[in-house]
Amino acid sequence: MAPRLQLEKAAWRWAETVRPEEVSQEHIETAYRIWLEPCIRGVCRRNCKGNPNCLVGIGEHIWLGEIDENSFHNIDDPNCERRKKNSFVGLTNLGATCYVNTFLQVWFLNLELRQALYLCPSTCSDYMLGDGIEEEKDYEPQTICEHLQYLFALLQNSNRRYIDPSGFVKALGLDTGQQQDAQEFSKLFMSLLEDTLSKQKNPDVRNIVQQQFCGEYAYVTVCNQCGRESKLLPQTVNGLYLGIFEGRKIRRRQSLFLRELSKQTECNKKDSTS
């Protein structure tokens with residue numbers, strides 16, 4: 001007897017002894033083979049008619065994406081590639097790009113930056129026909145803002161456990177085999193993003209980098225007697241360069257840096273009363 005017919009007979013065997021009014025949910029699930037294990041990928045040449053959990057040949061390559069066995073691990077169960085409920089989406093490490101992935105996740109979790117980027121106009125409208133029907137071609141980001149939009153949208157809505165940031169890395173011209181200085185990368189990229197967004201009409205988009213990633217500091221001289229302050233013009237910065245020595249914590253070093261900005265001295269009585 002063929003395997004499919006054997007499964008069919010085994011699934012309905014209970015019907016020979018169970019009366020119609022005694023049929024339960026378990027009987028129904030057994031009849032339709034709900035609890036059969038999914039077929040292992042690569043074993044089936046086509047979809048199995050006897051197993052409702054066989055996902056072979058139903059277009060799984062479309063929603064899973066093209067899988068290169070040389071760069072991806074073997075997938076026995078496509079469900080293992082699914083994003084779990086209430087979990088975050090990861091980024092594929094392309095070699096020495098962990099510093100890029102780290103900043104992408106940090107920027108993605110900045111809700112104000114993410115919302116501002118979503119407000120940027122994109123060339124996605126070029127992929128629409130005149131009657132509003134999408135053309136049969138994949139959307140490809142053209143600018144740095146569009147690459148960030150695309151990655152952020154996937155990190156927020158993708159059903160996969162991880163996504164591939166190679167388009168973003170390629171657009172920046174980064175060498176995936178060479179580790180770059182993380183702080184320098186962040187500084188240069190923010191400068192590039194700020195310059196790109198400066199052309200936007202919406203002020204919430206145009207000023208988002210200054211609002212989220214820039215600050216000001218000034219050197220202040222304070223009189224110990226009268227409390228009068230004298231300070232230089234504030235300087236705009238996008239980061240603090242703190243030297244961390246052995247045994248020093250970052251908050252301690254930050255406090256020392258701020259103390260260096262404020263110098264206490266004594267002014268003469270004439271100056272303090274004027």
Side-chain angles (χ1 to χ4, degrees), residues 88-94 96-127 139-158 162-176 178-220 231-244 250-251 253-255 257-258 260-261:
F88 293 104
V89 177
L91 291 164
T92 304
N93 190 0
L94 305 175
T97 58
C98 53
Y99 67 100
V100 178
N101 291 352
T102 299
F103 278 111
L104 283 174
Q105 294 285 15
V106 170
W107 297 330
F108 168 73
L109 293 175
N110 187 312
L111 298 181
E112 289 79 7
L113 175 64
R114 193 196 314 173
Q115 184 60 36
L117 286 171
Y118 286 164
L119 293 175
C120 288
S122 69
T123 57
C124 185
S125 57
D126 295 339
Y127 287 77
Y139 167 66
E140 295 183 1
Q142 301 298 319
T143 66
I144 294 299
C145 289
E146 290 180 15
H147 277 285
L148 273 182
Q149 285 177 330
Y150 187 60
L151 280 177
F152 284 1
L154 290 177
L155 287 172
Q156 182 173 338
N157 301 307
S158 177
Y162 49 82
I163 59 175
D164 186 357
S166 57
F168 175 77
V169 173
K170 184 178 180 181
L172 292 178
L174 298 175
D175 183 358
T176 58
Q178 183 176 359
Q179 179 75 35
Q180 303 290 341
D181 182 81
Q183 185 180 36
E184 182 180 2
F185 165 75
S186 175
K187 181 179 179 180
L188 292 175
F189 180 78
M190 279 297 147
S191 177
L192 174 62
L193 183 63
E194 182 180 11
D195 181 66
T196 303
L197 296 179
S198 65
K199 303 176 179 63
Q200 297 294 322
K201 295 181 179 180
N202 188 336
D204 293 333
V205 178
R206 186 172 62 247
N207 302 323
I208 188 63
V209 173
Q210 297 94 321
Q211 294 172 356
Q212 294 295 316
F213 301 99
C214 295
E216 291 184 346
Y217 74 83
Y219 286 94
V220 181
K231 62 180 179 180
L232 302 176
L233 291 176
Q235 302 180 35
T236 302
V237 294
N238 56 9
L240 296 178
Y241 299 92
L242 306 177
I244 307 299
I250 188 170
R251 292 192 179 277
R253 189 63 190 91
Q254 185 178 9
S255 299
F257 175 82
L258 295 176
E260 292 171 1
L261 296 180

Engineer: Got Pro165 and His147 here, is their nearest side-chain heavy-atom distance under 4.5 Å?
Structural biologist: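 The answer is no; the side chains never approach within 4.5 Å.
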Engineer: Would you check if the side chain of Thr97 reaches a backbone N or O of Asn93 as a donor-acceptor pair within less than 3.5 Å?
Structural biologist: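 No: the side chain of Thr97 does not pair with the backbone of Asn93.
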Engineer: Check Leu151 against Asp164 and note the closest heavy-atom contact, atom names and distance.
Structural biologist: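 Nearest heavy atoms, Leu151 then Asp164: CD2-O, 4.3 Å.
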Engineer: Rounded to the nearest 0.5 Å, what separation is found between the CD atom of Gln180 and the OH atom of Tyr99?
Structural biologist: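 Gln180 atom CD to Tyr99 atom OH measures 4.5 Å (nearest 0.5 Å).
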Engineer: Identify, with sequence neighbours excluded, every residue that meets side-chain contact (heavy atoms from CB on, under 4.5 Å) alongside Leu188.
Structural biologist: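 Leu188 satisfies side-chain contact (heavy atoms from CB on, under 4.5 Å) with Glu184 only.
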Engineer: Any sub-3.5 Å donor-acceptor pair from Gln142's side-chain atoms to Glu140's backbone N or O?
Structural biologist: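 Checking the backbone N and O of Glu140 against the side chain of Gln142, a donor-acceptor pair under 3.5 Å is found.
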Engineer: What pair of heavy atoms forms the shortest contact from Ile144 to Ala171, and how long is it?
Structural biologist: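 That would be CD1-CB, 4.4 Å.
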Engineer: For residues Tyr118 and Ala153, report the shortest heavy-atom separation together with the two atoms involved.
Structural biologist: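 Smallest heavy-atom distance, with atoms named: OH-N, 3.5 Å.
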Engineer: Once rounded to the nearest 0.5 Å, what's the spacing between atom CZ of Phe152 and atom SG of Cys145?
Structural biologist: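 The distance works out to 10.5 Å.
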Engineer: Would you please name every residue forming a side-chain hydrogen bond (donor to acceptor under 3.5 Å, both in side chains) with Gln149, sequence neighbours left out?
Structural biologist: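 Partners of Gln149 by the side-chain hydrogen bond (donor to acceptor under 3.5 Å, both in side chains) criterion come out as none, since no residue qualifies.
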Engineer: Say you draw a straight line from CZ of Phe213 to CE of Met190; how long is it, rounded to the nearest 0.5 Å?
Structural biologist: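 Interatomic distance, Phe213 CZ to Met190 CE, rounded to 0.5 Å: 4.0 Å.
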Engineer: So with a 6.0 Å cut-off around CZ of Phe168, is the heavy-atom count from everything else above 12?
Structural biologist: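 Yes.
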Engineer: Any chance you could measure Lys170, atom NZ, to Leu172, atom CG, to the nearest 0.5 Å?
Structural biologist: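 If I round to the nearest 0.5 Å, the distance is 12.5 Å.
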Engineer: What residues, two or more places apart in sequence or in another chain, satisfy side-chain hydrogen bond (donor to acceptor under 3.5 Å, both in side chains) together with Thr176?
Structural biologist: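 Testing Thr176 for side-chain hydrogen bond (donor to acceptor under 3.5 Å, both in side chains), a comparison that skips the adjacent residues, returns none.
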Engineer: Considering only distance and modelled atom types, tabulate donor-acceptor pairs under 3.5 Å from the side chains of residues 101-111, sequence neighbours left out.
Structural biologist:
from   : atom 1 : to     : atom 2 : distance (Å)
Asn101 : ND2    : Thr92  : O      : 3.2
Thr102 : OG1    : Cys98  : O      : 2.8
Gln105 : NE2    : Val89  : O      : 3.2
Asn110 : OD1    : Glu112 : N      : 3.3
Asn110 : OD1    : Leu113 : N      : 3.0
Asn110 : ND2    : Gln212 : OE1    : 3.2

Engineer: More than 12 heavy atoms of other residues, nucleotides or ligands under 6.0 Å from CZ of Phe88: yes or no?
Structural biologist: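 No, because the 6.0 Å sphere around CZ of Phe88 holds 12 heavy atoms or fewer from other groups.
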Engineer: About how many Å separate CG of Leu119 and CG of Asn202, when rounded to the nearest 0.5 Å?
Structural biologist: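 Asn202 CG to Leu119 CG: 6.0 Å, rounded to 0.5 Å.
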Engineer: With sequence neighbours excluded, give me every salt bridge (Lys or Arg N to Asp or Glu O under 4.0 Å) pair touching residues 197-214.
Structural biologist: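 Those involving residues 197-214 are Asp195-Lys199.
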Engineer: Val100 vs Leu94, test: side chain to side chain contact (heavy atoms under 4.5 Å, CB included). Steps then yes/no.
Structural biologist: CA-CA 10 Å; Val100 178; Leu94 305 175; over 6 Å; no
Engineer: Between Leu155 and Leu91, is a side chain to side chain contact (heavy atoms under 4.5 Å, CB included) present by the stated rule, with each step listed?
Structural biologist: CA-CA 8 Å; Leu155 287 172; Leu91 291 164; 4.0 Å; yes
Engineer: Heavy atoms only: give me the nearest Pro121-Gln200 pair and the separation to one decimal.
Structural biologist: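 Result for this residue pair: CD-OE1, 3.2 Å.
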